[in-house]
Number of protein chains: 2
Amino acid sequence: MGEGSWFMAEGAPRRQPTLDEVAERAGVSRSVASRALNNAPHVSRAKREAVERAVRQLGYVPNPTARALATRQTGAAALVVSGEDPSIFADPFFAQVIVGASTALEEADLHLMLCLAASDRGRKRVEELFRSKGADGVMLMALREDDPLAGMAEEAEMPVVFGGRPVGSAPRWYVDVDNVGGAREATEYLVARGRTRVAAICGRLDTGAGRARYRGYRDALLAAGLDPLPPQEGDFTEPSGAAAMAALLANHPDLDGVFAANDNMGAGALRTLRAAGRAVPADVAVVGFDDLTVAQVADPPLTTVHQPITALGREMARMLVTLINGHDPTPLILPTRLVTRSSA
Amino acid sequence: MGEGSWFMAEGAPRRQPTLDEVAERAGVSRSVASRALNNAPHVSRAKREAVERAVRQLGYVPNPTARALATRQTGAAALVVSGEDPSIFADPFFAQVIVGASTALEEADLHLMLCLAASDRGRKRVEELFRSKGADGVMLMALREDDPLAGMAEEAEMPVVFGGRPVGSAPRWYVDVDNVGGAREATEYLVARGRTRVAAICGRLDTGAGRARYRGYRDALLAAGLDPLPPQEGDFTEPSGAAAMAALLANHPDLDGVFAANDNMGAGALRTLRAAGRAVPADVAVVGFDDLTVAQVADPPLTTVHQPITALGREMARMLVTLINGHDPTPLILPTRLVTRSSA
DNA sequence: GCTTCCAGTGGGAGCGCTCCCAAGATCAGG
DNA sequence: CCTGATCTTGGGAGCGCTCCCACTGGAAGC
C-alpha cells in the first residue's frame, strides 16, 4: 500500500526549481536566463555567468515538457517495428538496428521511443503517435505488403524514414540493404562451387527483403543457365528453416545447394540436413544471409551474406535527423558482402 | 535540399485543431470539452455527444505535450540498459525483455523510451532524464558493481525498478530471476549424471547474475561433497565462452562437466570442445543458462536453465506502473526451470 | 415554503518554457 | 552634441491542456 504519495519524501516536498527562480536568483529577467541557458546571443558576459551560477546553486534542470510545448518539438524520435506478433522483434537483427539508431540519435540529442506495432492496440497507438505528432519523426521497419502503417506514414505530416522498402509502396525516404545483390552474390558463389541444383529457402514473400532476396537468387540462377526451384517459404525463424529444408529434401532429394534468406533459417536447414545425414558442404552447400552470431555458432559455421545492420540503424536515424532539420536527404542503399565460412 | 519547410504542404498549412476549437464547435466551454474527452463526470449526455461529434468533424487529437505539462506526467517510461559498450545490447536477452515490457506498458498506455547508457554521453543523458523527470518512471538493467546509474536512481525522486539486483546495492524494487537456484539445479543435474569434475564458465563477476550463478554452482558442488573449481570468467559472449573453455581444458584436462553461466558462452564452450575432439556429452557434459534460440540451434542442443525473460520484462513494467500509481509493490523473483536437451 | 445538495457549467489561473518586440544602453561617425 | 546602428534587456503573449472554483438551477428533504 502507498503510505503517502511519492515516496514518503523525507524533507520538504521540494518542487523542481523553475527558470523564473533561476532568473530571480541571478537578478535577471526570465528572457535573459532562457537565452543564457540555450547559449543564444544577446547576453552580456556578466549576466551569463550569473545565470550559470544560479543554475548551479539551485540545481536547476530545464523541464523538457515545457520546452517541448513552447518549441513544438518533442525531442524524441520513434522506431516502430511492425509485425503481426511481437516475437518478430526477438530477432537479434532489431537489436543491432537499435544500437545504430540509438547512437545516431544520441548525437542529435533526441530520445528513442520504441513502438512494437504488433497487436491492434499497438497499431492504434502508433496511429495516435502519428496524428498527435507525439514524436519529431518516425522510423518504420518490417512492414509487410498492405501494411496499415504505410498509409499512416503517408498521411502523417511528419518526417518518416523507412528501413527497407516494403513491397507495394515506394517510400520517398528510406535506407535499405542491397538484398538483391547480396542474394545474387550468394547464389553465384554456390554456382561457382559447382552446385547445379540450388534451392532457396526464402523469407516471407510479403516482405521487401524476402522478395528481393528471392529475386537475387533467381536472377543468379537464370544468368547461369540453371533452373531456379519454386521458392520454399519460411518466416525467417529457425524452425521454419528446418521445416522448409525438410520439405525441400522431400521434393528435390537431389539438391546440392541451398540459399537461405537469413541465418536463422540457414541454421534450421543445417539442423535438418544433419538429422538427414547429409554432409555439409560435401553433399549440400548452404549459404545464409545477415551474418548474425548464429552464423558463426552454427555447425558448420555458416557462409553468409553480411549486411551492415548497425549502419542501417545509424543511417536511418541520420536521415531522419536531416529531415527533421528541414532538409531533403537522398535514399540510401547499403552494400552487402559475402562472408565465406565452411558451410559452402 | 529543403524546398521549404515541412514538406511542401499541398494545401493550407493546416494547424492541428485545439481543444478550444472543439469546444467552440460543440458550443460548450473548454472545461466541458476536456471533461468529455477524458470521460470524466459532470458532463450532460447531450454535450458529451456534441463534443464527440466536434472531435470527429475536426479530426481532433489531443496534444500529448500540453497534457503532459498540465498533468506533470510524461506518459512515458524509460528502459535503461547499462554497459560499457553498446554491443552488450546485441544479446537477444534484451529484445525479449523489451517485448515483455512493451506489452505491459501498452496496457497502461505508456510509451517506451529506450536508453542505452553505454557511452559517457549516454550516461549523461540518463542522468538528465532522472533529474528533469523526463519520464514517469525508469527500469534499470545490466548494472555493474559501482555503476554510476545506481547512484542516480537513488537520488532520483522517481519510480525506479531494477531488473536483476546489481552487486553492491540492494534496490527497494526489483524483479529478478532465481539465478542461484537455477545454477544450483543445473549443477546438481550434472552431478546426478555422474560428473565429478565440474567446472564453471561464469559471467562477469561484477554483475548480479554472474555472481549469483557462480554461487549456485558452488553451493551445489559443496553440498555434493565435490570441489568447485576456481571460476573461469567470461563476459557472456560466445567467443569469451570459447576462450574460457580452452583455458579450462588447459588447466583441468580431466574435467567432465561444465556449467556455463549463459547460452552464448555455452555455445562457445561447445565449439572449443568440438575442436578439441572431446565428445559432448560423453566426455564432457555442458549446461547453459537462459534458454535462448542459440541453445536449440547449438550442436548438440544445449541443456540449459530456462528463465522467463519476457515475463521479466513484463513484471518490471507492471511493477513500475504500480509504483507510478502511488502503490508500493513487493519485489519479485521469477522461477527458473531446467530444460534437458542433449549436451548433458 | 425554505434550506440543502449536487449535477452541470464556464471562467480563469496555471503548468514552465520560448520568442517576439519595444525600449533602454552603448558607441561610432559626422 | 546629435543621429542612427547595434547590443542588451525585460515584459508579455503565447504553446494546448488540466483543474480548481464559483455559480446556476432543479430535485430532494424537512
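Residue numbers start from 1 in every chain, and the chains themselves are labelled A, B, ... in the order their sequence lines are given, proteins ahead of strands. The model shown is predicted, which means the values in this text are computed figures rather than measured ones.
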Rounding to a whole Å, what distance do you find between [X]:[atom1] and [N]:[atom2]?
X	N	atom1	atom2	answer
B/Arg67	C/dG14	CZ	C1'	17 Å
B/Gln16	D/dG16	CD	C1'	11 Å
B/Lys133	C/dC15	NZ	C1'	15 Å
B/Gln73	D/dC19	CD	C1'	14 Å
A/Leu19	C/dC19	CG	P	12 Å
A/Asp20	D/dG10	CG	C1'	12 Å
A/Arg48	D/dT8	CZ	C1'	11 Å
A/Glu24	D/dG11	CD	P	12 Å

Quiz item: Less than 4.5 Å apart, any side-chain heavy atom of B/Arg125 and any of A/His111?
Solution: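 Yes, their side chains come closer than 4.5 Å.
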Exercise. Answer whether the closest heavy-atom distance between the side chains of B/Val61 and A/Lys133 falls below 4.5 Å.
Key: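 A side-chain contact under 4.5 Å is absent here.
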Please determine, for the side chain of [X], which listed nucleotide ([options]) has the closest atom?
X	options	value
A/Lys47	D/dG10, C/dT9, D/dG16	D/dG10
B/Leu69	C/dG16, C/dT9, C/dT18	C/dG16
A/Pro62	C/dC17, D/dT18, D/dT9	C/dC17

Practice problem: To the nearest 0.5 Å, tell me how far A/Leu332 CG sits from A/Tyr174 OH. | Solution: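 Output value for this atom pair is 9.0 Å.
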Quiz item: Counting any heavy atom closer than 4.0 Å, what does A/Ser31 reach on the DNA or RNA strands: base, sugar-phosphate only, or nothing?
Solution: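 Base, at least one base heavy atom under 4.0 Å.
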Exercise. Using the closest heavy atom to pick a nucleotide of DNA chain C for each, name whichever of B/Ser44 or B/Thr71 lands nearer the 5' end.
Key: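 Its nearest nucleotide lies further toward 5', so the answer is B/Ser44.
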Check the phosphate of [N] against [X], side-chain N and O only, distance under 4.0 Å to OP1 or OP2. Yes or no?
X	N	result
A/Thr18	C/dG16	no
B/Ser34	D/dT18	yes
A/Thr65	C/dC17	no
A/Arg72	D/dG16	yes
B/Asn63	D/dC15	no

Quiz item: B/Arg30 or A/His42: which one's nearest nucleotide on DNA chain D is closer to the 5' end?
Solution: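 Here A/His42 is the residue nearer the 5' end.
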Self-check item: Ionic contact status for B/Glu49 with B/Arg45, cut-off 4.0 Å
Solution: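 Judged by the 4.0 Å cut-off on N to carboxylate O distance, B/Arg45 and B/Glu49 do form a salt bridge.
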Quiz item: Is there a donor-acceptor pair closer than 3.5 Å between any side-chain N or O of A/Glu52 and the backbone N or O of A/Lys47?
Solution: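 Side chain of A/Glu52 to backbone of A/Lys47, a donor-acceptor pair under 3.5 Å: no, none is there.
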Quiz item: Taking N and O atoms by type only, does the side chain of B/Arg35 place a donor or acceptor under 3.5 Å from a partner on the base of C/dG10?
Solution: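 Under the 3.5 Å cut-off, the side chain and the base do form a donor-acceptor pair.
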